[in-house]
Structure formats: structure tokens, C-alpha cells
Amino acid sequence: MADRYLNFTGTAPGRLLTRRLGLPQPAPLRRWSAEQPGFSGQLLHFSAGPSSYRGELSELLRRTGLDVRGSLSGRGPEAARPVGVVVDATAVTGPETLAEVHAALHPVVRSVATSGRVVVLGAPLSPDDHHQAAVQQGLEGFVRSLGKEIGQGRTVNLVRIAGPVSAAESTLRFLLSPRSAYVSGQVIEVGTPAGDVAVPDDWAAPLAGRTALVTGAARGIGEAVAETLVRDGAQVVLLDVPSAEADLAKVAERLGGRALPLDITAEDAGERIAGFVGEDGLDILVHNAGITRDRRLANMPADRWSSVLDVNLAGVLRTTDALLKAGAVRRGGSIVATASIAGIAGNTGQTNYATSKAGVIGLVRSLAPRALAEHGVTVNAVAPGFIETKMTAAVPLFIREAGRRMNSLGQGGLPVDVAETTAWLAAAASGAVNGQVVRVCGQSLLGA
Ligand code: NAD
């Protein structure tokens, strides 16, 4: 559904009027396009404290093709507008070095280009050093606050480096690109992959040679996920309920994928998927299928409760178990499940939906370390906020308008934003990202 307010504020009179009235001024977000797949321009790289990563990180950032610099070039109106700033705060261990984060960003933050990126690198919280833990936790508050005030479609995220810094390349490339347009205020931990850090032959096709199964792919977010995975080089199997077979076949034909009409709640869904993909198996499993059946708990009959729990949680648990048991998700593979900010914040009328989506988060957190150790497979979740789909178009006008604006970017996300995040998590190069729940919500105020 068109966001008329965003279109209006994009015009000169719209900007003038909304500024006069003190209304929100969302900036059109720069997303991936075939003509302009990445940013170009300056990337500032600063260190706070004596980081041991400086040289390696600088090399890594240069490989993105951006013009990496240690200071802003030019002064006053002549100053460059960097497309991004990376502040390496991994060596911040006390309040004195924390001040260096302020010192790095304070003079340049205003200059960051529209739709630009700020990425702060942090370290895991030390259980033995409460000074280190205090200031590293402090970075979360810093990033979330800057994300709320920075405006102009710019995003701010924190990446905790818990393994080799080289394992963070895919994550940094994602966050420093238009692909992460609707991801802000997030804390993402990057650990150690099961084997060597995978480096794709071509970063423009990081999923080349991988086979993915996407559930709920006949429309909406699932269709966008399948399309984005294909763009990034994957072969896709598209699954949806038999009643959506005609739409599913159209999507499969358009994307050169294979359609599998199947209800994910079937007892033997996992076995049937394993049979369909055969010996080749899968590299990527995207649990996207989901339903809502809203009612306040006092008015919610048992069948409304159970239908949502069956599709959104029980079906995900059962098929995941069956596919892992059958060895149908190959080593180096990725499972990406779809949660929701409703599963984090809760939502009136959605006790069933929020329970199921919080359940998905629990599944990810528990299974991720075991799946990596036993199967060499990562397990992560995306948690979409307000995404412009048929689901949200059905929401009453005022609630819809509130949902759209109640985030730092002042607008709803698009299905492609969830798809981009899924594609990043699905790449072999992201093998060090495990057990993470990444919100695609424009830093929604809900559950923040
Ligand atoms: P949608 O209703 O447009 O699409 C969901 C698809 O899942 C449909 O094609 C449907 O047929 C399929 N599906 C439903 N039950 C199924 C089953 N039993 N077996 C197989 N397929 C089944 O929804 P969407 O907006 O594209 O949402 C996709 C996912 O994102 C869902 O998990 C949803 O909960 C989640 N999500 C959406 C939003 C949003 O703002 N739209 C926000 C948070 C989370």
C-alpha cells in the first residue's frame, strides 16, 4: 500500500509544510537497485582505544570499494559527506576510552550523507571485568540513542566482535550497504564459524551454488525473500499451501524455481520436503510462512489460538527437527526463521501470534549453538516490524499510520527489507552469525 505521507514529504511544498507544523519528516530510503547496488564515496574509520584490529579492519573495509579515510576531508560547506562511519570500540575498557567514541563521532555525525550508515564495533561483555562490561553495554545505549536522533534515513548499529574480525566481513558489507536500509538500532554478535571463514567468489552473488527452500513463498515477504535469494545466486524451492498453488506456480516460473504445494502443518511436512529436494539437500531453510488470527484472549476460541501456534511455531519446530535429523540441511547451511516485534513487545489482540513469534526466538536461541556444533548449520531469526504488505494494509487506518511512524525512520519497511536481511543471514560468508535475532523494524519504539 502506498505511503502517501512519505510521498508528500518528498515534495518541496510537503517538506515546507510538515517542517512548519513540526510533523515527522521521513526520508525516502536508498535501497539496492541493479543500477546502484552499493554506496560509493567516503567511509570514515576511527578507533577508540588501542584496537588490535586496526590494520586488518582497514583492509576489510577497503575491500568494500569505499574510499576509507581516517578523517573528514574538506571543511565547512566544502566538507565531504561520508556515506558511512565505522568506529572500532572493541578495545574500550573504561570510561576514559569510551570518551573516544564521543570524540570520534561528535565532529562528523552531522556530515554523514542521507541514508548513510554508522556502525560501532564492540566486544562481548567480560564476565571477569565489570568496567569493560559496563562500557561495552554502554555502547548499546549509545547506538540506540544515536539511531533515534540521527534522522535523514541514516542508520546506526552495533556489531560485537566475538571471534576473528575477518568473520564479520559479510555483516559489515551488509550494514554498510543499501541492503540494510530498514535495519537500525540493532546489536549483532559475530562469533566464530564452524570451519574457515567462507569468502564468496563474487560478493554480488554470495549465494551462488546454494539451494534454498522458502515457506509461504506465494506472496508477500516470502515471495520477496525468494526473489532476493535468486538475485544473490541461489536456486529456490518455493513452498506454500495447496490452495495457493496457482500463485505459487507463477512465482516459481518467474524466478526459475521449483514449486512445492504443501501445508507446513502436515505431520510429515519435513519428510516430504526432504524427499522433494532429494540427495542434494538444502543449504538454506527459510521459515517464513505465518498467519494471524487476532482476538483479545477473552474472545479467542481455542481453534484461533491453535491454528496460529500450529503454523507459526509447531510447524517450524517439527520441520526443522525432521530436516536436521534427515541431514537434509547440508553442513555450512543456514536456517532463518521469521519472528516479529510482536513476539518481543507483545500486542493487543495477538496473544496467540506473539506467543508463537516469541517461541520462534526461543527456538533460535536454544538450537543455534547445538545446530552449529552438530550439523555445521547456523540458526537465526529476522523480526520484522511494520512491513507494507497485504497483512498490514488490512489494519485500520489510524493504527496503521501509528505503526508506520513509530520508528526512527518514520515509515514502514518493505518486504524486500526483510528479504535482504534474510539473504545476508543465509550466506555461507555469514557462518559466524549464529543465534541472532535481527529486527527489521526501522528501530521501532515497540519493545525497544
Ligand atoms: P502473507 O499473509 O502475505 O504471506 C504468508 C504466506 O504464508 C501466504 O502465502 C500463506 O499462504 C503462507 N502460509 C500460511 N500458512 C501456511 C501453511 N500452513 N503452510 C504453508 N504456507 C502457509 O504474510 P507476510 O506479511 O508476507 O508475512 C510473512 C511472515 O512475516 C509471517 O511469518 C509473518 O508473521 C511475518 N511478519 C510479517 C509482518 C508484516 O508487517 N507484514 C511483521 C512481522 C512479521
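In each ligand, atom 1 is the first atom listed, and ligand 1 is the first ligand listed.
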Quick note, salt bridge (Lys or Arg N to Asp or Glu O under 4.0 Å) partners involving residues 308-327, not counting sequence neighbours, are E267-R318

Backbone, side chain, both or neither: what part of A339 comes under 4.0 angstrom of ligand 1, heavy atoms only?
-> backbone

Identify, by atom number and element, the atoms of ligand 1 in contact range of I291, meaning under 4.0 Å from any of its heavy atoms.
-> 14 (C), 15 (N)

Does R144 reach the side chain of K148, with side-chain heavy atoms less than 4.5 Å apart?
-> no

Please determine if G222 has a nitrogen or oxygen closer than 3.5 Å to a nitrogen or oxygen of ligand 1.
-> no

What residue and heavy atom of the protein are closest to atom 17 (C) of ligand 1, and at what distance?
-> V241 CG1, 3.4 Å

Element-labelled atoms of ligand 1 that are located less than 4.0 Å from some non-hydrogen atom of T392 = 40 (O)

Closest to atom 44 (C) of ligand 1 among protein heavy atoms sits Y353 OH, 3.3 Å

Taking atom CD1 of I188 and atom CZ of F174, what is their separation to the nearest 0.5 Å?
-> 7.0 Å

Look at atom 39 (C) of ligand 1 and say which protein heavy atom is nearest, naming residue and atom and giving the distance to 0.1 Å.
-> I387 CB, 3.7 Å

Restricting to heavy atoms, the pick from A337, A342, A269, G216 nearest atom 6 (C) of ligand 1 would be G216

Heteroatom proximity flag, D263 to ligand 1, N/O under 3.5 Å = yes

Tell me which part of L262 gets within contact of ligand 1: side chain, backbone, both or neither, using heavy atoms under 4.0 Å.
-> backbone

Any idea which of G220, G290, S243 brings a heavy atom closest to atom 5 (C) of ligand 1?
-> G290

Could you tell me the residue and atom name of the protein heavy atom closest to atom 23 (O) of ligand 1, and the distance to it rounded to 0.1 Å?
-> M391 CE, 3.9 Å

Looking only at non-hydrogen atoms, which of T389, D247, V286 approaches atom 41 (N) of ligand 1 most closely?
-> T389

Protein heavy-atom partner closest to atom 3 (O) of ligand 1 - residue, atom, separation in Å | R219 NE, 2.9 Å

Counting only heavy atoms, which portion of I221 has something under 4.0 Å from ligand 1: side chain, backbone, both, or neither?
-> both

Under 4.0 angstrom from ligand 1, any heavy atom of T215?
-> no

Determine whether any heavy atom of I341 lies closer than 4.0 Å to an atom of ligand 1.
-> no

State whether the number of non-hydrogen atoms from other residues, nucleotides or ligands found under 6.0 Å of Q436 atom CD is greater than 12.
-> yes

From M406 atom CE to L445 atom CG, the distance as rounded to the nearest 0.5 Å | 5.5 Å

Report yes if some heavy atom in the side chain of T422 is under 4.5 Å from a heavy atom in the side chain of T228; otherwise report no.
-> no

Are side-chain heavy atoms of L158 and F142 found at a separation under 4.5 Å?
-> no

Is there a donor-acceptor pair closer than 3.5 Å between any side-chain N or O of R30 and the backbone N or O of G38?
-> yes

Restricting to heavy atoms, the pick from I264, L238, T338 nearest atom 30 (O) of ligand 1 would be T338

Sub-4.0 Å atoms of ligand 1 with respect to non-hydrogen atoms of L239 | 20 (C)

Touching ligand 1 at all, E223? Heavy atoms, strictly under 4.0 Å?
-> no

S340-ligand 1 polar pair, N/O distance under 3.5 Å | no

Do any pairs count as a salt bridge (Lys or Arg N to Asp or Glu O under 4.0 Å) and have a residue in residues 340-363, sequence neighbours left out, and if so which ones?
-> none

Top protein contact for atom 22 (C) of ligand 1, by heavy-atom distance | A289 CB, 3.6 Å

Minimum side-chain heavy-atom gap V112-R154 below 4.5 Å | yes

Scan R31, R231, R173 and name whichever one has a salt bridge (charged side-chain N to carboxylate O under 4.0 Å, His left out) with E420.
-> R231

Does N347 reach the main-chain N or O of A354 with its side chain, forming a donor-acceptor pair under 3.5 Å?
-> no

Is the NZ or CZ atom of R63 both under 6.0 Å from the centre of the six-membered ring of W203 and within 45° of that ring's axis?
-> no

Which residue holds the protein heavy atom closest to atom 8 (C) of ligand 1, what is that atom called, and what is the gap in Å?
-> D240 OD2, 3.6 Å

Of all the non-hydrogen atoms in the protein, which one sits nearest to atom 42 (C) of ligand 1, and at what distance?
-> G385 O, 3.2 Å

When rounded to the nearest 0.5 Å, the distance separating NZ of K250 from CD of E223 is 10.5 Å

Would you check the N or O atoms of N288, main chain and side chain alike, for any that come under 3.5 Å of an N or O of ligand 1?
-> yes

Is the shortest heavy-atom distance from the side chain of T319 to the side chain of H287 under 4.5 Å?
-> yes

